[in-house]
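All remarks here apply to the structure that follows.
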Amino acid sequence: MSAVLTEKRVALEVVLDRFARAPGDPVAGLRALVAEIRPRRARDAEAAAAGLRELNALLESRADYREALGNAVVALFADTRSVSFYTDAGILPGTGFFPELRRRLAHRLLPEVPDPGYLKDAVAMVFDGKTDHLWFRVLPEEEQARFWRLVFFERPGDPDARRRIGLAMLDALLVLGYRVGAMGLEPELRRVAPDIDAFASPFVALGGEIQHFVTGLRAWLAEPGGAVEDEKSILVFVAQCEEVAKRARRTAAREGATLALTYLLTRIEQSLGRIALLAGLLGTVLRRAGERDLVGAWTAFFRDAALGIMRRDSVREQLRGQVGLLALRVTENAGRVGEHYIAATRAEYRGMWRSAAGAGLLIAPMALLKILVAKLALAPLNHAFAVSLNYGLGFVLIHMLHFTIATKQPAMTAATIAHAVSEVRGRVRDLGALANLVTDAFRSQVAAILGNVLVALPTALVLGFWLSRWLGHPVVSPEKAFHLLADLEPFGSLTLFYAATAGVYLFLAGLISGWVDNHAAYSRFRERVAALPWLRSLLGAARAERFAGWLDANAGGLAGNFLFGVMLGATATVGQLFGLPLDIRHIAFSSANFGYALVALDFALPWQTYAWSLAGIALIGFTNLTVSFALALWVALRSRGILLDFRQARSLGGALWRKLRSEPAAFLLPPRAQAE
């Protein structure tokens with residue numbers, strides 16, 4: 001380690017010697033310095049910190065190094081157009097979510113040419129590594145402050161250059177004040193924070209206060225020593241604006257959100273944070289506060305702005321930062337639905353069996369219709385349309401009859417479990433409650449699967465036998481029957497991949513349902529439908545209200561189920577059109593297809609075929625459930641900002657194991673205590 005540090009020290013000395021002898025271009029020199037500090041592995045925080053410590057030690061030991069590097073830093077900030085650095089670095093632009101996403105995608109393919117005349121671009125040229133944000137964000141704050149103290153705050157430098165830096169900050173503060181004042185009047189914000197119209201808007205007042213502060217500070221810079229107000233009133237209005245933004249987020253999480261609203265709230269919060277940083281920095285100068293306060297304020301500001309520049313073209317950052325509130329709202333909707341899919345009492349458990357059996361009763365004829373459609377000489381798109389309608393309308397009917405498809409459960413129950421995880425926070429008692437919830441969900445899932453399969457399979461047998469007798473020939477040809485059995489082969493085909501594809505669709509259907517419910521709440525769908533003149537004249541006011549309420553309560557379920565059917569029905573045709581091996585496998589339909597194949601072949605199959613087919617059905621179901629649950633749980637956890645580590649997962653696993661040992665029957669049947 002000492003040899004590495006010695007090598008690093010020599011490399012840093014070479015760069016600093018170059019600064020001292022021939023200053024030249026400050027951007028090129030600073031970029032070379034950062035290149036020496038940059039660790040070989042992007043996440044090696046200790047190596048980056050060691051490099052910065054070596055640099056600081058060299059600066060402390062050599063006054064000529066401090067002077068040369070300090071001149072370069074001051075020149076970089078004073079001689080470039082820096083207002084956009086203070087106002088835009090790390091803050092979303094006003095173009096909107098999708099234009100910004102398109103810009104980031106385009107710049108990943110064809111990066112823009114930086115202009116070193118702008119400070120924002122110059123900083124981007126200095127930190128030109130794609131992974132610089134990973135090590136820069138974890139640099140020790142005390143070492144960063146030590147660097148700035150050595151090169152900027154402890155040396156007198158050029159007074160005129162420092163004055164230009166201060167004036168640029170004042171201009172930036174004024175721009176941010178105007179910008180926040182305008183954002184506070186946006187209709188999207190007033191929709192979820194209507195109280196800002198009833199009282200004096202803190203956003204408008206903040207702009208006026210900033211104007212007053214900037215005017216006074218400019219006069220103070222022209223004639224130092226006079227009286228000038230500090231930044232405290234600005235920080236008061238910033239706090240009021242932040243409270244409005246927090247209330248707006250809470251309202252949106254409860255009543256619906258959009259990407260436009262999420263984007264606006266994020267811009268407001270980022271801008272308010274930047275105003276607080278700049279005002280605090282300038283106010284520290286006014287108060288002539290201690291050096292520690294000044295250096296700390298500047299270090300926090302530069303870190304925030306520089307990280308924003310390093311991540312300005314990150315698509316992942318854009319999606320993760322902006323979709324969070326919408327994802328939370330969508331998964332919350334799914335979670336509320338998921339509560340109905342978890343049977344905690346014996347009465348609910350019996351109800352789960354009945355609803356799953358009802359779905360199995362309808363799945364059998366849906367599977368037969370799909371087989372019959374395949375016999376028709378339809379063009380590929382017409383075939384996809386017919387199969388999609390069969391699936392989509394069938395799933396909608398199942399939803400309207402309050403029946404349960406087992407594979408729809410995981411995408412819904414995952415959000416409920418994620419909500420419980422977010423409230424545990426490692427407490428033992430709550431961990432036990434979470435284990436109970438997981439047990440209830442597992443038991444409910446088993447009941448739904450068995451209810452679907454144990455009804456769909458015999459219904460298919462009865463329906464296939466009856467239709468064959470009525471028609472005088474097998475409703476499913478022997479060739480088709482062998483094809484249906486081949487579709488159940490778990491390892492000699494792509495069956496499990498097709499089952500995983502269906503699992504992804506189940507997850508997407510859950511998201512679609514949550515998104516539609518969120519949009520219905522946000523757009524006040526119920527009130528708008530109930531107010532339709534033609535509907536009120538057709539049904540009457542009372543019936544129109546009831547219909548609007550029913551439609552609002554079921555909009556997400558209807559949309560999610562129908563589009564899930566479309567995805568299932570169109571996949572094979574899309575694969576055929578593009579020459580790709582695409583198809584789906586679903587446990588309930590696979591069990592019905594197995595029944596039709598048995599009838600067509602008069603049950604004359606070797607026992608190995610029975611065993612492999614049943615194993616294939618079980619594995620298809622396992623894959624359907626695992627994929628959809630894992631994806632839904634991941635999104636639900638991420639939307640709440642939760643990352644389960646190994647220790648937490650092990651604690652939950654231990655709690656489930658203890659419950660399995662003490663109450664094994666609870667995983668299949670609700671305890672009597674719960675029934676009471």
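Predicted, not measured: the structure shown is a model, and the values here were computed from it.
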What residues form a ring-ring contact (aromatic ring centres under 6.0 Å, His included) with [X], not counting sequence neighbours?
{"X": "Tyr118", "result": "none"}
{"X": "Phe147", "result": "none"}
{"X": "Phe85", "result": "Phe301"}

Return yes when atom [atom1] of [X] has more than 12 non-hydrogen atoms of other residues, nucleotides or ligands closer than 6.0 Å, and no otherwise.
{"X": "Leu110", "atom1": "CG", "value": "no"}
{"X": "Arg524", "atom1": "CZ", "value": "no"}
{"X": "Arg247", "atom1": "CZ", "value": "yes"}
{"X": "Arg41", "atom1": "CZ", "value": "no"}

Which value, rounded to the nearest 0.5 Å, describes the distance between [X] atom [atom1] and [Y] atom [atom2]?
{"X": "Asp115", "Y": "Met125", "atom1": "CG", "atom2": "CE", "answer": "9.0 Å"}
{"X": "Glu60", "Y": "Leu58", "atom1": "CD", "atom2": "CG", "answer": "9.5 Å"}
{"X": "Leu52", "Y": "Leu139", "atom1": "CG", "atom2": "CG", "answer": "5.5 Å"}
{"X": "Thr262", "Y": "Leu92", "atom1": "OG1", "atom2": "CG", "answer": "11.0 Å"}
{"X": "His212", "Y": "Ile234", "atom1": "NE2", "atom2": "CD1", "answer": "9.5 Å"}
{"X": "Ile91", "Y": "Glu269", "atom1": "CD1", "atom2": "CD", "answer": "12.0 Å"}

field: Derivation and outcome, side-chain contact (heavy atoms from CB on, under 4.5 Å), residues Leu55 and Leu16
entry: CA-CA 9 Å; Leu55 174 61; Leu16 291 172; 3.9 Å; yes
What I'd like to find out is whether the side chain of [X] reaches to under 4.5 Å of the side chain of [Y], using heavy atoms alone.
{"X": "Leu631", "Y": "Val627", "answer": "yes"}
{"X": "Leu12", "Y": "Ile37", "answer": "yes"}
{"X": "Leu272", "Y": "Leu206", "answer": "yes"}
{"X": "Val113", "Y": "Asp121", "answer": "no"}
{"X": "Phe127", "Y": "His133", "answer": "no"}
{"X": "Val244", "Y": "Ile268", "answer": "no"}
{"X": "Glu231", "Y": "Phe213", "answer": "yes"}
{"X": "Leu30", "Y": "Leu69", "answer": "yes"}

field: Pair Glu143 + Arg53, salt bridge at N-O below 4.0 Å
entry: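 Salt bridge: no.
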task: Answer yes or no: is there an ion pair linking Arg179 with Asp88, defined by an N-O contact shorter than 4.0 Å?
output: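 Salt bridge flag = yes for Asp88 with Arg179.
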Results of side-chain contact (heavy atoms from CB on, under 4.5 Å) for [X] - residues two or more places apart only:
{"X": "Glu186", "result": "Leu264"}
{"X": "Glu141", "result": "none"}
{"X": "Ala35", "result": "Arg38"}
{"X": "Glu100", "result": "Pro93, Thr95, Arg103, Arg104, Tyr263, Gln318"}

Can you give me the closest heavy-atom contact between [X] and [Y], atom names plus distance?
{"X": "Asp64", "Y": "Arg62", "value": "OD2-NH2, 2.8 Å"}
{"X": "Ala168", "Y": "Ser82", "value": "CB-OG, 3.2 Å"}
{"X": "Leu281", "Y": "Ala297", "value": "CD1-CB, 3.8 Å"}
{"X": "Pro39", "Y": "Ala42", "value": "CG-O, 4.3 Å"}
{"X": "Arg108", "Y": "Asp313", "value": "CD-O, 3.4 Å"}
{"X": "Val15", "Y": "Glu36", "value": "CG2-CG, 4.0 Å"}

Polar side-chain atom of [X] near backbone of [Y] as donor-acceptor pair, under 3.5 Å:
{"X": "Asn71", "Y": "Glu67", "value": "yes"}
{"X": "Arg274", "Y": "Gly90", "value": "no"}
{"X": "Arg528", "Y": "Ser523", "value": "yes"}

Under the rule for side-chain hydrogen bond (donor to acceptor under 3.5 Å, both in side chains), what residues qualify as partners of [X], not counting sequence neighbours?
{"X": "Tyr505", "result": "Thr571"}
{"X": "Thr251", "result": "none"}
{"X": "Gln240", "result": "none"}
{"X": "Arg164", "result": "Asp79, Asp160"}

- request: Please assess Glu243 against Arg250 for the test salt bridge (Lys or Arg N to Asp or Glu O under 4.0 Å), listing each intermediate value before the final yes or no.
  value: CA-CA 11 Å; Glu243 181 57 34; Arg250 289 195 294 267; 3.5 Å; yes
task: Assess whether side-chain contact (heavy atoms from CB on, under 4.5 Å) is satisfied between Tyr86 and Ile165, documenting all intermediate values.
output: CA-CA 11 Å; Tyr86 302 119; Ile165 294 173; 3.8 Å; yes
- prompt: According to the ring pair (Phe, Tyr, Trp, His ring centres under 6.0 Å) rule, which pairs have a member within residues 43-77, sequence neighbours left out?
  reply: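 Sorted result for residues 43-77: Phe77-Trp298.
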task: Given side-chain contact (heavy atoms from CB on, under 4.5 Å), test Arg303 with Phe136 step by step and report yes or no.
output: CA-CA 8 Å; Arg303 179 182 177 276; Phe136 183 80; 4.1 Å; yes
Between Gln211 and Thr215: side-chain donor-acceptor atoms closer than 3.5 Å: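 A donor-acceptor contact under 3.5 Å links the two side chains.
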query: For Arg137 and Met310, what are the C-alpha separation, side-chain angles and deciding distance, and is it a side-chain contact (heavy atoms from CB on, under 4.5 Å)?
result: CA-CA 10 Å; Arg137 72 168 69 245; Met310 295 177 209; over 6 Å; no
